Amino acid sequence: MNSWILKDSNYKESYQLKETLFSVANGYLGVRGSFEEGLNKEILTVRGTYINGFYEKEEIIYGEKLHGFPNNSESILNVIDTQGIKIRINEEEFSLDKGEVLSFERELNFKKGIATRKVHWRSPKGNEIHIEFKRLISFIQKELFLIQMEVEALNFDGVIEIVSKIDGDVSNIIVEEDPRVGSANAKALKVINVKQENNCSFIEAKTKNSNLIVVSGIAHKYPKEFIESILTEQKNSNHFIKGSLLQGKKNIFTKYAVYTDTIRYKNEISKNVEILNSVLTYDFNHFAFLQEEYLNDFWKSSNIEINGDEKMQQAIRFNIFHLLQSTGKDQWSNISAKGLSGEGYEGHYFWDTEIYIFPFFLFTNPNLAKNLLNYRYTILDYARKRAKQMGHTTGALYPWRTISGNECSPFFPAGTAQYHINVDIAYSIIQYFEVTEDIGFMIEKGMEMLAEMARLMYHIGHFRNDGKFCIDAVTGPDEYTCIVNNNYYTNVLTKNLFDKIGAIWNSIKETHKGELEKISNKIKFNEEELINFEKAGNKMYLPFDKERKLHPQDDSFFNKKVWDFENTPKENYPLLLNYHPLTLYRHQVCKQADTILGHFLLEGETELEFIKNDYNYYEKITTHDSSLSTCIFSIMANRIGKYKEAYDYFMNTSRLDIDNLHHNTENGIHTACMGGSWMSIVFGFAGMRVINGELSFRPNLPKNWESLNFRINFKNRVLNCNLETNTIEIKLIDGQPLKICVNNNLIEVN
Ligand code: BGC
């Protein structure tokens, strides 16, 4: 097995799933791995092309709309389709449904950033051809999607006719019975212009409500003796390319597709023409070379090498590659729950970014991590507005799910009530500052966000009669337990923000007093607020059952009945598809890690003995119906010495998409889980932590692994970490020597 490649040789099965797995993207643009020529009508396909941050909004129709409910939903849109290429050979249409497929092989190469499909096909009349398709979405020229097709006639001379299409007649999918897919208006994009200019075709399409425009332009290169004609129609344009095939001669056709949109460009049409003309001066190989160069650089800092476990090696590289493909690299976009590989969860950005994906970028590509925080700063005004709508006189409340910045979660118990999104973002900002020491970011954006979020959290809490600071009526990460008082996770992460904000503020003030004054003036921040935060942090109530030596997930959790797992048939999982939410809320049953996640993020807040107790308790009542769960259990199983469990949970995490373990990868990859697989290795098996600005390791290599190797960025240094059975070796690749902790011993790395 080549672990840099995902391969497939069975095109007949799981077509939609493979459209997801073989999708190509660059964080701006994503195209699912559909066949250019299409397939017979009975096979379900989601032929999707997506632009990060490009959405339609739709009024949410509530039976009963109460104050503060969001007005609109937002959905990522399937935009103009440029995948289509039909081929006729001596008047016979090339299709895998017809004739005979003598061989079929497809692969996604993580080093090259190219998806390839090779087919040896015999037509019903016996003409044999070999076709190789290559697809690339450029990391260098983000608007560019390229398809190269190489055709060779193997046993005949003849004529080839190609119809390459650009199609504005597109729609989103709707799966009403599954809340994890979409509820978008299927036909939200209206074509407003189709035009031809020289040998290029352009389609301009507009959304109805969000008023966004996307433009796509295509053009082709082919052997010079071929001829081309173009026919534009109301919603599409077809390029007819015709020529002769000579036995044994390879013919190369390249399709250039460029996407621009109104979010990024003032004049999206002229920009499209300009980019298309400029890319046409280069061939496919040029972009393939740049792609590989970009990825070489990326893998230098991001590779994880596992010796002795090929399946895991492949899975982690697949996951890391998809994370890079999914992450927005400009201020208007973030990482959606499904990346740019499908329409699941409507393309929304969740806390998944900060808690599950951010750490990978932070420790390998801090600039990409910073961009994720920049996006949150871009939508800070929306969060301020949302706080007001929710009745808070001060501060900012980030949306639970969004694309543009507006809250669009219609089901508030498992949506808006998850106020922990604020302290998750705060956790990331604090972590970013600890790991990068980037004061510039804190002055420009970070402190302002922290202050606004702290204000909001302070505003929703209160000091109880016994002086404890409590937070009522929120939902923690576990979506099977909603609207509770004192969710341990929310409280402990809020405490973290309250405990740290004052110290960060004061430390920056020492060197940048003027800048902090500017922030204070801008948001009318009175430094006395820091004293309140500190007091609330010191007095934060963290629920604990002294007799059982356990942390209840919230005030009422232990009073509830434990779910009857024994009598729950297998097919009733995930429970959310088979039980009314209230049935779930009345029981002790968890969809995902909650208290255990709090322990992982803020281990110092309790004792190891209680962490062990909690792990053992919550493990029994957690269904892992959310793909965000097993990675956290894997990390914490490692922490408490349950190594076999750690490995089993890791297997579930790392191969979740490749092996379709949740049976819904056809709707898109699970980006949080992919980030979680990186975390399970680095925080789990290598036991890495940053505590009070210090780096430490507590390694436990799985028995069947010979070695593990990865790099991390930490405080302007690059470190290489190599683990073998009982050893860990950390080398300084770049930067100044530093002290780190390995198994509680302080060592100098130089
Ligand atoms: C999880 C959430 C998560 C969302 C998107 C849900 O199933 O419960 O925690 O944010 O999926 O991945």
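Every number for a ligand or one of its atoms is a count from 1 in the order of the listing. Here the structure is a predicted model, which means the values were calculated and not measured.
Classification of the Phe544-His551 ring pair by plane angle, with boundaries at 30° and 60°, yields tilted.
Nearest to atom 7 (O) of ligand 1 by heavy-atom distance, out of Gln592, Lys591, Lys338, Glu479, is Lys591. Closest to atom 12 (O) of ligand 1 by heavy atom, among Leu597, Thr353, Asp352, Asp478, is Asp352.
Residues Asn496 and Tyr427 form a side-chain contact, since some pair of their non-hydrogen atoms from C-beta on lies under 4.5 Å apart. Considering only heavy atoms from C-beta on, Glu407 comes within 4.5 Å of Arg401 through its side chain. With a 4.5 Å cut-off on side-chain heavy atoms, Asp330 and Lys142 count as touching.
Residue Tyr349 is tested with Trp400, Tyr398, Tyr55, Tyr375 for a ring pair (Phe, Tyr, Trp, His ring centres under 6.0 Å); the sole match is Tyr375.
For ligand 1, the polar-atom distance check finds no N/O of Trp400 at less than 3.5 Å from any of the ligand's N/O atoms.
Numbered from 1 in the order shown, with element, the atoms of ligand 1 that lie under 4.0 Å from a heavy atom of Trp351 read 2 (C), 3 (C), 9 (O), 10 (O). The contact set between ligand 1 and Leu628, taken as ligand atoms under 4.0 Å from a residue heavy atom, comprises 3 (C), 9 (O), 12 (O).
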